[in-house]
Amino acid sequence: MNVVAKEKETVVDEESTEKTAEETVETKEDEITVEDQLKNLEDEVNTWKTDYYKVFADMENLKKRLQNEHANAMKFMMQSFIEELLPVVDNFERSLAVVDPSDEIKNFLKGYEMIYNQLMEVLKSQGVEVIKTEGEEFDPNFHQAVMTVKDDNFKTNMIVEELQKGYKLKDRVIRASLVKVSE
């Protein structure tokens, strides 16, 4: 009986060893599965964080761009109105260019001059300024050369005569000056 009992113990020991090995494998599989799941979840969280930061940065950039566009729109919203007024200013200047007015029209011209000065003050208050030309070097950013002339009194590429005034609104040219340039 001892032999049978020993064989039963051996069989029981082998079965318990097999059960323990299977349980260990199952536990390791469970641990690997939990570790894999944890790693997958961390990867997913990192992906969401990255996406969040990208969207946040995009929104901040959009906000800044819209603020800049709004500031520029406010800065230059009067441009079309001023462009319409400039021919009026030109006509006033032409009428004031009379060389020797008689006494009869001096008062009329004085009124024109007052209107012109008032109009120029309105434009100045809106940020409009005349582009300087006389004695200046030709700059294609501010001047438009209509013709070139040979003149020994001027250096090459200097403005000889202004044919039509140019204007800037704040820091933007809204109409270039029409000029004669020396060769």
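For the single chain, residues carry numbers from 1 onward in sequence order. Keep in mind that the numbers below use all heavy atoms, side chains included, and drop hydrogens, waters and symmetry copies.
The side-chain heavy atoms of L123 and I82, taken from C-beta on, include a pair separated by under 4.5 Å. Between R172 and F76 the shortest side-chain heavy-atom distance falls below 4.5 Å. Two residues are said to be in side-chain contact when any heavy atoms from C-beta on lie closer than 4.5 Å; K165 and I131 fail this criterion. Taking the side chain as every heavy atom from C-beta outward, D90 and Q164 approach each other to under 4.5 Å. At a threshold of 4.5 Å between non-hydrogen side-chain atoms, the residues L86 and I174 count as touching. Side-chain atoms of E129 and L169, non-hydrogen and from C-beta on, never get closer than 4.5 Å to each other.
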Inset, instruction - Before giving the answer on side chain to side chain contact (heavy atoms under 4.5 Å, CB included), spell out for V181 and V160 the whole-Å C-alpha distance, their side-chain angles and the decisive distance to 0.1 Å. - result: CA-CA 5 Å; V181 181; V160 175; over 6 Å; no
Inset, instruction - Could you walk me through whether M120 and V130 pass side chain to side chain contact (heavy atoms under 4.5 Å, CB included), step by step? - result: CA-CA 10 Å; M120 291 307 292; V130 176; 4.0 Å; yes
Legend entry - Trace of the side chain to side chain contact (heavy atoms under 4.5 Å, CB included) decision for K168 with F142: CA-CA 9 Å; K168 292 191 306 185; F142 300 105; 3.6 Å; yes
Inset, instruction - Mind running side chain to side chain contact (heavy atoms under 4.5 Å, CB included) on Q144 and V179 for me, showing each step along the way? - result: CA-CA 6 Å; Q144 181 178 353; V179 295; over 6 Å; no
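Ion pairing of D151 with K180 is absent here, as no side-chain N (NZ or NE/NH1/NH2) approaches a carboxylate O to less than 4.0 Å. E69 and R65 are joined by a salt bridge, as a carboxylate oxygen and a charged side-chain nitrogen come within less than 4.0 angstrom of each other.
Sorted pairs that involve residues 52-64 and meet side-chain hydrogen bond (donor to acceptor under 3.5 Å, both in side chains), not counting sequence neighbours, are lacking altogether.
Under a cut-off of 6.0 angstrom, the local environment of CD in Q67 is crowded, with over 12 non-hydrogen atoms contributed by other residues, nucleotides or ligands.
Taking CD of E161 as the start and CE of M147 as the end, the distance is 8.0 Å to the nearest 0.5 Å. In this structure, OG1 in T47 is found 11.0 Å from NZ in K49, a value given to the nearest 0.5 Å. Of the inter-residue distances, the one linking L178 atom CG with T133 atom OG1 reads 10.5 Å to the nearest 0.5 angstrom. One distance of note links CG of N157 with CD of E136; it measures 12.0 Å at 0.5 Å rounding.
When the side chains of ILVMFWY residues are joined at heavy-atom separations under 4.5 Å, either directly or via intervening members, Y167 and V88 end up in a single hydrophobic cluster. The hydrophobic cluster containing V89 also contains V128, counting ILVMFWY residues as joined when their side-chain heavy atoms lie under 4.5 angstrom apart, directly or transitively. Cluster membership check: M78 shares its hydrophobic cluster with M74, using side-chain heavy-atom separations under 4.5 Å among Ile, Leu, Val, Met, Phe, Trp and Tyr. Taken together through direct or relayed side-chain contacts under 4.5 Å among Ile, Leu, Val, Met, Phe, Trp and Tyr, M114 and L85 form parts of separate hydrophobic clusters. Tracing side-chain contacts under 4.5 Å through hydrophobic residues (I, L, V, M, F, W, Y), one never reaches L163 starting from I159; they form parts of separate clusters.
Side-chain contact annotation: Y116 with E93, donor-acceptor N/O pair under 3.5 Å present.
Side chain of H143 to main chain of D139: a donor-acceptor pair is present (N/O by atom type, distance under 3.5 Å, no hydrogens or angles). Formation of a donor-acceptor pair under 3.5 Å by the T148 side chain with backbone atoms of E183 is not found in this model. With hydrogens and angles ignored, the 3.5 Å screen pairs no side-chain donor or acceptor of R175 with any backbone N or O of E83.
Scanning all heavy atoms of the two residues, the minimum distance from K170 to K75 falls at CD-CG, 3.4 Å. The minimum heavy-atom distance between E162 and S177, with the atom names listed, is OE2-OG, 4.1 Å.
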